[in-house]
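Below you'll find the structure, written out as structure tokens, and then a few comments.
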There are 2 protein chains.
Amino acid sequence: MSRSDILAVDAMGGDHAPESIISGLDIAALRHPQAKFLIFGDEARVAPLIAATRRLKNNCEFRHAGETISGDMKPTVALRLRDSSLRRAIDSVLSGEAAGVISAGNTGALLALSKIVLKTLKGIDRPAMAAIAPSARGDVVMLDLGLNVVYDARNLVEFALMGEQFARIVLGQPAPTIGLLNIGSEEGKGDETLRNAAAMLRDSPIAKQFQGFIEGHDIAAGTVHVVVTDGFTGNVALKTGEGALKFVGGLIREVFVAGPFAKIGYLFARGSLRRLKKTLDPRRYNGAVLLGLNGVVVKSHGGTDAMGFAHAVDVALDMTGNDFNSRIAEGLAAMDRALLSAETATDPNV
Amino acid sequence: MSRSDILAVDAMGGDHAPESIISGLDIAALRHPQAKFLIFGDEARVAPLIAATRRLKNNCEFRHAGETISGDMKPTVALRLRDSSLRRAIDSVLSGEAAGVISAGNTGALLALSKIVLKTLKGIDRPAMAAIAPSARGDVVMLDLGLNVVYDARNLVEFALMGEQFARIVLGQPAPTIGLLNIGSEEGKGDETLRNAAAMLRDSPIAKQFQGFIEGHDIAAGTVHVVVTDGFTGNVALKTGEGALKFVGGLIREVFVAGPFAKIGYLFARGSLRRLKKTLDPRRYNGAVLLGLNGVVVKSHGGTDAMGFAHAVDVALDMTGNDFNSRIAEGLAAMDRALLSAETATDPNV
């Protein structure tokens, strides 16, 4: 068994843990027979659930963890718990036993522990959170989604580089296009940080894929494969888009209970309405990835069910199986060479 | 005729001007028989269109303007054109002839000219752009939408105050609720500017209406009546939400052409699907308002049709008829008294 098939799982994080986590892993175990899960949690609660699974029980190793990090625990407090299920899972990535870790628990604690235990990848200043979202032209990748409220142009360029590799793996795009989120597509729009980041990307090894500035409506239009932005804007944009989709979902349901004719209409259109629902199912987009750490770290929505958690496992195994971090290191080195030669070329003193 | 019924109109701005503008005004003239429109534009093109209207020709006064500001003209260039249709329309608000101005043309030129000619309201540091958006609990107001990429806590508080008065008028809410857009609803979330703005709002005359921080998904959920944010975030959020709605609209259309059964389904559900379409019709939300200037200034989408332009006229007349600016002045004075007394109460030297 290759190390890239081994995933550490925090069984205690999330609104419906550990039940939804173990059920989700059972679905994942059927989909990925080669994978092995190192499951950390409270033995009294988790072991009986594992014993009752169809497939997972043969593909996992359970380890008791004496502490649990609650959803509202401050990261500073969570950091002190050495035997929490989350900490133990992350430790197993540091020790090299597992290639990645997945948790549906406390986001702040997951980020803080991952950064402290696993450390940031060489050459990456700040990790970023990325996720996949639906668009009119297929799925797109968006980052950062909330980790970096303070950032500079170089950070945005690193996000672009990490997002590009992420999109290659999870979208299967050989040369994903990239856009910087702004309030207009003209070159002079936005603040200096955005304009500097755009200038650096135009001199970078991914210059051909860089489409310049994009606007909010370009996200769902699928104008680019990778939407790059700061953590504040990305978090607001992702949640605004999710909220809008949920709002329309509610309106569509109302349409078909509006009266007897509409109900008959539903019966006829049921098949294609189900496909629509599936396209927009938030569980299909579950699994945000913390990029830029020494190890694959995946955050599942706390409120998701087994199906959603299984999807987050898909994402994690996609990342560990494709050696994401080595690719990033190569991309960074090429980026630095290109930026250096661009500086040299424009420096009159050379 | 009261001055509040007189609206100055730039007939030359917008992708389908002057045709869509004059047709839109004709619809508006039927809806608002008391209103009078001062129309500025190129006589050779506009006068024949007016002559062919049903109602508008009796409710307007046309004035020839020798110049037109194109959509891609830089504001600095636009400012020099003294006889442009936009400039002449704004001038008529300054002179007191009209209570407000409406244009579907160049946003940058409209903002620059409005600020220079009309000036900012006393006590308001920066004007803001506000618009109405649909939500699961009825329409909501959102601002700023792109004017202020640089801002401080006091600016956000002024946006909240202007948004509150705007929501009273356009939503008819007697005590609209207000939320500050952030990446989490907990008190410690976001940067210092957001936390300071929240603290000031908690000490303000609208403290009871202030619901604290909200997140992106709260916009379409309709958690609050007024969504307050900076211009960069607001612009991205509005366009992201519009893009998501458009995306789902496309998917819904696909559902009902998917096959013979779906087409029959459409026939049965047609009535309620039409209501859904109407709820989400972007023309119903056309008409962004520049708040904080001496005079009502309304920007219509450049690409809208006559129906959309007529809706923007509705918004403009709602604003002029309800004496928005006097209400803002009163609100500001009350705010300053409240903030001053809060400072005095907490200052140990007093």
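Chain identifiers are assigned alphabetically (A, B, ...) following the order of the sequence lines, protein sequences preceding nucleic acid strands; residue numbering begins at 1 within each chain.
Top candidate by heavy-atom pairs under 4.5 Å with chain A, chosen from V149(B), D218(B), I252(B), D191(B), is I252(B). Interface summary for chain B: among G250(A), G243(A), G216(A), G190(A), the most heavy-atom pairs under 4.5 angstrom belong to G216(A). Listed options L181(A), I183(A), V150(A), L251(A) were ranked by heavy-atom pairs under 4.5 angstrom with chain B; first place goes to I183(A). Of the listed residues G231(B), A133(B), S135(B), the one with more heavy-atom pairs under 4.5 angstrom with chain A than any other is S135(B). Ranked by non-hydrogen atom pairs under 4.5 Å with chain B, the options T229(A), T279(A), L276(A) are led by L276(A).
Both the backbone and the side chain of A237(B) come within contact range of chain A, each with at least one heavy atom under 4.5 Å from a heavy atom of that chain. The contact between I219(B) and chain A is made entirely by side chain atoms (from C-beta outward), counting heavy-atom distances below 4.5 Å. For L145(B), no part sits under 4.5 Å from any heavy atom of chain A, backbone or side chain. Residue V236(A) touches chain B through both its backbone and its side chain, counting heavy-atom pairs closer than 4.5 Å. Both the backbone and the side chain of N182(B) come within contact range of chain A, with heavy atoms under 4.5 Å apart. Using a 4.5 Å cut-off between heavy atoms, I214(B) makes no contact with chain A at all.
L238(B) CG to M129(B) CE: the interatomic distance, rounded to the nearest 0.5 Å, is 10.5 Å.
For the residue pair N148(B) and D230(B), no side-chain donor N or O sits within less than 3.5 Å of a side-chain acceptor on the partner. No side-chain N or O of D144(B) forms a donor-acceptor pair with one of Y151(B) less than 3.5 Å apart.
Side chain of H217(A) to main chain of K239(B): no donor-acceptor pair is present (N/O by atom type, distance under 3.5 Å, no hydrogens or angles). At least one donor-acceptor pair under 3.5 Å links the side chain of E158(B) to the backbone N or O of D125(B). Between the N286(B) side chain and the G308(B) main chain, a donor and an acceptor come within less than 3.5 Å of each other. Although no hydrogens or angles enter the test, the distance criterion places no donor-acceptor pair under 3.5 Å between the side chain of S300(B) and the main chain of A312(B).
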Practice task
Take I69(A) and L86(A), measure what side-chain contact (heavy atoms from CB on, under 4.5 Å) needs, and give me the verdict at the end.
Solution key: CA-CA 7 Å; I69(A) 294 171; L86(A) 179 59; 4.0 Å; yes
